[in-house]
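Below is one structure; the comments refer to it alone.
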Amino acid sequence: MIPLFKVFVAPEAQQAVSKTLCSGYIAQGPQVDQFEQLLALHFGNPRMVTVNSCTSAIHLALHLIKREYGLSDSTEILSSPMTCAATNFPAVANRFAIRWVDVDPGTLNIDLDDAARKLSRETRVLLFVHWGGYPIDYDRMALLTAEYRRRFGQDLIVVEDCAHAWESRFRGRLVGSTCEEHFAAFSFQAIKSLTTGDGGLLITPPGTMWRGARMARWFGLDRDNKLDFRSAQDIPEWGFKFHMNDLAASLGLANYPHVAALVAKQKNNAHYYYDQFQGTPGLTLLERRPDCDSSYWLFTVLVADRPAFVEAMIARGLQVNQVHTRNDKYGALAEFQSPLPQLDRVADAMICLPVGWWLTDEDRQHVVDAVRQGW
């Protein structure tokens with residue numbers, strides 16, 4: 001069976017993690033600091049806040065937004081339901097009122113035209129995922145935020161879920177640094193391109209949010225000054241236990257030098273699929289613009305009769321899966337349901353094919369042949 005996901009662990013990771021295990025310092029410490037410095041170089045941005053998951057990164061961002069802007073409970077947040085539930089549950093946890101935005105059927109990203117139609121004075125936050133790593137159209141996003149500012153005299157606060165988008169680029173710029181006014185959350189969970197076992201990253205806009213995030217991730221304590229954080233500090237504002245630890249950071253540091261090559265391999269696999277699947281009956285490929293360089297953490301296609309497709313692919317030795325399902329159908333989010341006609345048209349057709357760095361040339365061709373046989 002050709003797997004849909006596989007964990008990458010660098011050959012040198014065992015020694016690096018073992019060294020940290022024997023160091024006597026395995027919680028947040030020097031390895032986390034070193035990992036954040038490496039990430040700062042990667043993104044060309046010093047405002048790195050590592051945490052224990054991408055979910056925590058989004059939760060932390062929304063918590064800071066609500067506190068900084070003095071937003072009341074039930075402030076409206078526009079979001080796409082086509083994502084992992086981990087994107088949207090932090091909105092509920094922070095007592096935002098979700099207003100669903102439809103998806104663009106050509107990309108499965110949030111439909112920014114539908115978002116523009118749903119803007120209101122009660123809207124303060126836009127939250128979305130880069131589906132499969134395919135970047136949002138940042139030019140259209142800039143028009144949307146400008147329109148909001150013109151109409152309502154305040155800023156629309158943007159939170160990007162970049163969990164799929166490590167090494168994705170829009171017009172040559174890394175997703176996560178394309179617009180520095182946005183919050184950007186990344187995942188280092190086990191099957192992500194860069195893994196720390198589990199972990200995440202929050203990149204904050206300029207201003208006070210970076211400092212606030214660093215304190216709020218660890219109970220509200222300031223670990224950057226020389227005061228004893230165990231007993232000598234006041235806690236002016238309560239916080240969480242969201243920090244990364246040195247074991248996770250050690251794994252991330254060991255894996256990082258390999259990740260660009262791994263993502264390049266999966267991009268190459270995806271481009272091969274685009275060439276080979278043209279005109280395949282019953283299969284629709286998603287958009288591929290030259291200025292949108294996806295990481296292709298997922299390679300999603302739309303197929304006719306998905307149950308038959310899944311059965312045929314499993315019989316031919318391919319692990320295929322939808323990976324995430326629409327969040328608006330979850331009981332936990334039932335109160336926010338609304339009509340989403342474009343998502344209705346594609347939700348039952350979405351399926352993901354193996355595309356990752358672990359595929360050999362023979363595996364890749366087997367995927368192509370299996371799909372082109374039909375179902």
Side-chain angles (χ1 to χ4, degrees), residues 4-5 54-55 58 77-92 97-118 126-137 140 160-165 187 191 270 273-274 277 280-288 292 294-314 318-355 371 374-375:
L4 188 59
F5 296 114
C54 186
T55 311
I58 296 170
I77 183 169
L78 299 184
S79 185
S80 169
M82 196 58 251
T83 181
C84 178
T87 305
N88 286 308
F89 284 168
V92 179
I98 297 174
R99 187 173 187 190
W100 296 122
V101 180
D102 217 338
V103 302
D104 178 343
T107 65
L108 304 181
N109 280 337
I110 194 170
D111 184 340
L112 294 176
D113 291 335
D114 190 44
R117 289 189 290 269
K118 291 175 176 174
L126 179 68
L127 171 65
F128 60 86
V129 70
H130 301 273
W131 178 266
Y134 193 80
I136 200 79
D137 185 335
R140 178 67 183 91
E160 303 180 33
D161 181 345
C162 307
H164 302 178
S187 174
I191 57 174
Y273 288 164
Y274 270 98
F277 288 146
T280 301
L283 182 144
T284 301
L285 294 165
L286 299 182
E287 174 185 289
R288 181 176 59 155
C292 291
S294 177
S295 67
Y296 290 107
W297 183 71
L298 298 176
F299 189 87
T300 309
V301 295
L302 307 179
V303 296
D305 193 355
R306 185 170 66 190
F309 180 87
V310 171
E311 183 179 0
M313 295 308 109
I314 291 175
L318 304 187
Q319 186 181 49
V320 296
N321 196 278
Q322 185 180 343
V323 181
H324 299 310
T325 190
R326 54 189 301 171
N327 291 187
D328 58 322
K329 299 301 184 183
Y330 288 134
L333 301 171
E335 65 184 289
F336 306 117
Q337 285 193 16
S338 62
L340 299 168
Q342 294 177 165
L343 180 55
D344 291 341
R345 289 200 296 272
V346 299
D348 292 334
M350 297 168 54
I351 199 72
C352 299
L353 304 174
V355 73
V371 172
W375 54 95

Check whether any side-chain heavy atom of [X] lies under 4.5 Å from a side-chain heavy atom of [Y], and answer yes or no.
| X | Y | value |
| --- | --- | --- |
| L126 | K118 | no |
| D113 | R140 | yes |
| T55 | F89 | no |
| W375 | E311 | no |
| F128 | E160 | yes |
| T300 | C352 | yes |
| V301 | L285 | yes |

Roughly how far, to the nearest 0.5 Å, is [atom2] of [Y] from [atom1] of [X]?
| X | Y | atom1 | atom2 | value |
| --- | --- | --- | --- | --- |
| Q322 | L298 | CD | CG | 11.0 Å |
| L112 | I136 | CG | CD1 | 4.5 Å |
| T83 | H130 | OG1 | NE2 | 10.5 Å |

Please confirm whether the backbone N or O of [Y] pairs with a side-chain atom of [X], one donor and one acceptor, at under 3.5 Å?
| X | Y | answer |
| --- | --- | --- |
| D161 | I58 | no |
| Q319 | L4 | yes |
| D111 | N109 | no |
| W297 | I191 | yes |
| D328 | P81 | no |

message = For a quick test of reading the model, state the closest non-hydrogen atom pair linking I98 to F336 and the distance between them.
response = O-CD2, 3.3 Å
request  = For Y274 and F299, run ring-ring contact (aromatic ring centres under 6.0 Å, His included): C-alpha distance rounded to whole Å, both residues' side-chain angles, the deciding distance at 0.1 Å, then the answer.
outcome  = CA-CA 10 Å; Y274 270 98; F299 189 87; 5.4 Å; yes
query = Got more than 12 heavy atoms from elsewhere within 6.0 Å of CD, Q337?
reply = yes
